[in-house]
Each structure stands twice: as structure tokens, then as C-alpha cells.
Amino acid sequence: MGRPLVCLCLTGRTLEEDVAIAKKYQNYIDVVELRVDWLEEDERLKIRDFPSMVGIPTLLTIRRIVDGGRYEEGESSRTMLFARALAFADSDPMNNFAYVDFEEDFNVPSLQDAALAFGTKIIRSFHDMKNPVKNIAARLEKMRTTGYEIPKIACMPHNLSDVTELFKEASQLPEGEQILIAMGSYGLPSRILAERMHSYLTFTSPAELSANLAELGQIDPITLSEMYHFKNITKDTTIYGITGFPLKVTSSPKIHNAAYPKEGMDAVFIPFKADTVEEAKAFADLIGIKGFSITIPHKEKIIGQLDSVEPMVTAIGACNTAVHEKAGWKGYNTDCIGFEKALQEFTGLKTLEGKKVSIIGAGGASKAVVYAIYNLGAKACVFNRTVSKAKAIADIYGFEYASLGPESIDKIKAYSDIIVQTTSKGMGSTEASNSDNDPIYFYDFEGTEMVTDIVYEPEVTPVMARAKAAGCKVDNGYNMLRYQGEAQFKLYKGVYGSK
Ligand code: ATR
């Protein structure tokens, strides 16, 4: 079959609004879905005109509340609306609805006959807005009552394992003869990899209306097309990705996907959110992912899932890159290389011999930082809320450690050439520094410290803003991200196209 079609779901209040939005996205889509249940009541009476107004093949859907829609009136008025929309077929098929969505339990033979007679394809749908659906093949078989309908199952996975199961079942199905969607944030891979789902189409939402269907987890067609290069994904496309939880903020897909065309690589980089490392690895194995990045909170636990790791991973105790090499899954840590390079650039120093550094935090990210600081020859003190974690890291390198609070002000002063912030405290906070978003709120900057935060969202974290106001040179984690990404890219490229 050809690639899966891209369908834009229209949930505007008027037909004009829907047409305007559809036109904006027309270069990125193949089909629009008119969600009649979102239209104002008066507008619903005019839907017969919509296909000719929009000029794009249109799927007619009137979704009931039980299936996740907003149509409240009874089945007889819904039937009337369908009849009104499908009647008076035009000799130009573009003026008729190309598709109509009838739910599995909606059986009105006269409407089915009308659809058939007028060349409107029936999508026979089943939705479970709360749970995953198992035994897809048998279920689809039951739905394919007439042989000329496209069965659709949209369900809500509870976790990544449910999505993996769906991909597994889908791989046994004929390509493009059904529509399969795993909804919600866990289901995102099913939308981007609709081709691997053997799905006839994938649904997208316009950015302007995305709040209407937020819980479904649809992405907008421009992102699908320009970031994920959806139309180029085939069964030969090499898949890479990133896993973590909750995996809300990640710029990795943007960075990696942008690089593939420049490098002449047929590849795609997808986010796959996982509660556990076991689920992440099982998904990667089933999909045939060749390399993936690992972020919070899985950088430590992933090590147990891999066949081997480079020595740096063992030393740091954290792994942010897994690559599927000939001998199996191998773990790397590029955070360390990325941080080292970014810090050299920020300080303008090749080595940090003679420098004293405060490292704030002792989590997974801190471990790579401590290793890099040690590598660069500095002396350091690790500060952490949980002191035992600071001790455990510091002891490996012969560094000092201390608690993270006002009692440690003098210690920070003693290690204040460079201050590196590695905790998640200021992440996403745009407020002025306070005890909730600034892990060293109690420390007054002299103005001579060089302060780097490994967080890059927001661009200026609360502690950075405070340091900058005091005259300090500051940097965020963007360059670390960029350089670690470049190192990752090289590793991924090494297994590109391998079987
Ligand atoms: P990462 O892998 O990104 O480092 P992590 O392992 O969860 O994530 O570590 C988070 C770091 O932020 C830890 O140093 C943590 O301190 P604890 O070890 O005491 O948990 C620190 N951190 C998170 N929230 C914090 C808070 N509210 N106050 C102080 N430190 C905090």
C-alpha cells in the first residue's frame, strides 16, 4: 500500500472556521474529519455543503458522548443528520463526503446503502476511551461484516506495554486495511509510526483547536510532516527515539529529526514515554529501534537492561544512550562529553586545574557532571539535600560533600570559582528566585562566580537570573544538550540501516 493518509480533525464551532483551518493545513493533509458534534446547532443543518466548501476529501463524523464526542441528542436525530449529509449525491465525488464514520453498534441499512451507492467509504469504528483493546485481529474480523468497510479501533493504553502489544498485534495484520490508534501520551508512537501500525490513516489536530481534544494526544500536521517527516516513513526507515517519564519537555526529536535529511539518512526519532525501563526496552526491541536516548528518571536503571556498557557508564553509574550494535544493546553516556565541552567553552579554559567547583545536586545528571569536573582536573564539593547521595558520589573522586542548605554557605564560598546547578528545582520555573525554585537561594553571589545551570527550560533559570544580577557570568544547559546530542548522533549513525 501507499503510506498512511494524514487526517486533520476539525472541531471548530462553524463550517467557516473549519474551512479556514483546513485551508491553512491543506499542504500537510490528505483528508479532513468534520466533527459535526463540535458544531453549533444551526451549523449542523448545513453540513451537506461542507465537502464542496473545503475541497479536501472529507470524513463525516458525529461522535456520541459515550465514544468521546459531544453529540447529546438521541440516535434518531443523529440518523437524520447522517441522512441529510449523505443525501443528494453530486456527480462530482469531491462534492460528496469521501468517508463516513459509523460506530460498530450503529446499524442503519438505508444509510449504509446510501453511502455505498454514492461512493462514500464507511469507517466502522470502535472506541475505548479508558482502556486498551486486546485481540485486535479477532475484533477487527468481527467488525468487517460487509467486506467493504474500513474498521477502526481507537483505545487508551494505560502504559507503554499496552502500546507495544498493539504494535505487535498490528504487525500481523494486512497493511492499510484498518485504522489503529493508541490514544493519549503513551500512544504518540502509534500516530507517528502509523505505517508500522499498518494503519490506513493517522489523525492530527490543528494547533488552534488542540485544546478541544487534548486527552487524545494528537499532534498537529505541520509537526508531523516537518519534524517527523511522516510522509517519508516506510518499513525501511531506521527508528531512533527517546524514553523517560513524564517526558514532557524534550527538544531531542527536533534536533535529531532535523539532522537526518542533511545527512541523507532515512530515519525518524520518536518520543516513547515509559514508566519503567523494562517497558522501554521491550518497546525498542519490538519496533526494531536502533538507538535511543534515556532521560529522567531512567538513566540509572536502564543499565540493567543492556548487554554491555562503556567504562564511563560504569564509572558514572548513569547511561543516557543505548545503541543496538551487532553484539546487542550497548550503553553510553554522552552527558559527560557534552557537559565537558560546554563547560570548556563557557569558562574559556581547557583544564580546570587549580579551580574549586561547587556541584549542586547528586542525582543522575550530577554524576556525569562530577565525572567531567574530575576529568578536567578541578577540586570540587558536592552539595545535596540527601547528604548520603552527595557522599556516595564525592567519595569516588576524592571530592568533598555537604548538605544543601544555609549551613553550607561557607563551604560554597570555599568552592566558588565555578558553581554547577544540576537539580531539577528551577526546571520550568519563570518566577523570581525563591526557596522553591533556587536550590542555593540562601547563598549571596559575590559576582565573581561562574554559574552554569544544566537546565535549559527556561532559558534563564531563577538561580541564573539572580547570579547574573549580581554580576556573575552565567550559562544554561543548552550547549550541554547540543554537544551531548552531537555525540549521540555519531553513535546512532554508526548503526544506521543495520539489520
Ligand atoms: P537527574 O537524573 O536529572 O539528576 P534525579 O536523579 O531525580 O534526576 O535527581 C534530582 C536531583 O535534584 C537530586 O540531587 C535531588 O536531591 P535529592 O537527592 O535529595 O532527592 C535534587 N532535588 C530535586 N528536588 C529537590 C528539592 N525540592 N530540593 C532540593 N533538591 C532537590
Side-chain angles (χ1 to χ4, degrees), residues 242-252 273-277 280 292-304 312-313 315-322 331-336 338-339 342 357-373 380-397 399-409 411-412 419-429 431 433-443 452-458 461-464 466 476-478 480-481 484-485 488:
I242 178 163
T243 193
F245 188 91
L247 201 60
K248 274 205 176 119
V249 183
T250 168
S251 41
S252 301
K273 169 173 136 178
D275 300 55
T276 67
V277 291
F292 63 94
S293 310
I294 302 110
T295 185
I296 296 169
H298 298 328
K299 287 184 184 181
E300 285 137 337
K301 290 217 174 89
I302 193 71
I303 295 171
M312 202 194 290
V313 167
I316 298 170
C319 165
N320 75 332
T321 311
Y332 295 87
N333 194 313
T334 66
D335 281 338
C336 187
F339 177 72
V357 182
S358 280
I359 298 158
I360 313 301
S366 161
K367 288 178 178 170
V369 165
V370 178
Y371 186 88
I373 300 278
C381 182
V382 182
F383 299 84
N384 198 44
R385 178 178 59 180
T386 313
V387 185
S388 56
K389 279 168 73 183
K391 177 175 173 12
I393 298 179
D395 280 353
I396 302 171
Y397 304 95
F399 287 166
E400 288 205 66
Y401 63 90
S403 57
L404 185 56
E407 66 286 358
S408 294
I409 290 178
K411 202 62 162 187
I412 298 182
I419 298 177
V420 188
Q421 195 305 109
T422 76
T423 76
S424 46
K425 263 193 113 172
M427 210 179 263
S429 171
E431 286 172 29
S433 157
N434 59 49
S435 59
D436 287 332
N437 63 21
D438 178 349
I440 51 168
Y441 66 93
F442 48 84
Y443 173 80
T452 179
D453 196 327
I454 66 161
V455 172
Y456 56 90
E457 184 81 51
T461 62
V463 68
M464 279 172 67
R466 197 164 62 81
N476 68 12
Y478 188 75
M480 173 184 179
L481 175 82
Q484 75 77 18
Q488 254 173 357

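Both counts, for ligands and for their atoms, begin at 1 and track the order of listing. FYI, side chains are in, hydrogens and waters are out, and symmetry mates aren't considered; it's all heavy atoms of this structure.
Expressed to the nearest 0.5 Å, how far CZ of R466 lies from CG of D438 amounts to 4.5 Å.
Between I296 and M427, some side-chain heavy-atom pair lies under the 4.5 Å cut-off.
Every residue two or more places apart in sequence or in another chain that forms a side chain to side chain contact (heavy atoms under 4.5 Å, CB included) with L247 is listed here: I242, T250, P271, K273, T295.
For a heavy-atom separation below 4.0 Å, the residues in contact with ligand 1 are I296, G361, A362, G363, G364, A365, N384, R385, T386, K389, T423, S424, K425.
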*Take N320 and T334 through the side chain to side chain donor-acceptor pair (under 3.5 Å) test and state the conclusion after the steps.*
CA-CA 7 Å; N320 75 332; T334 66; 3.1 Å; yes
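Formation of a donor-acceptor pair under 3.5 Å by the K425 side chain with backbone atoms of S435 is found in this model.
T461 and Q421 share no donor-acceptor pair across their side chains, judged by distance under 3.5 Å alone.
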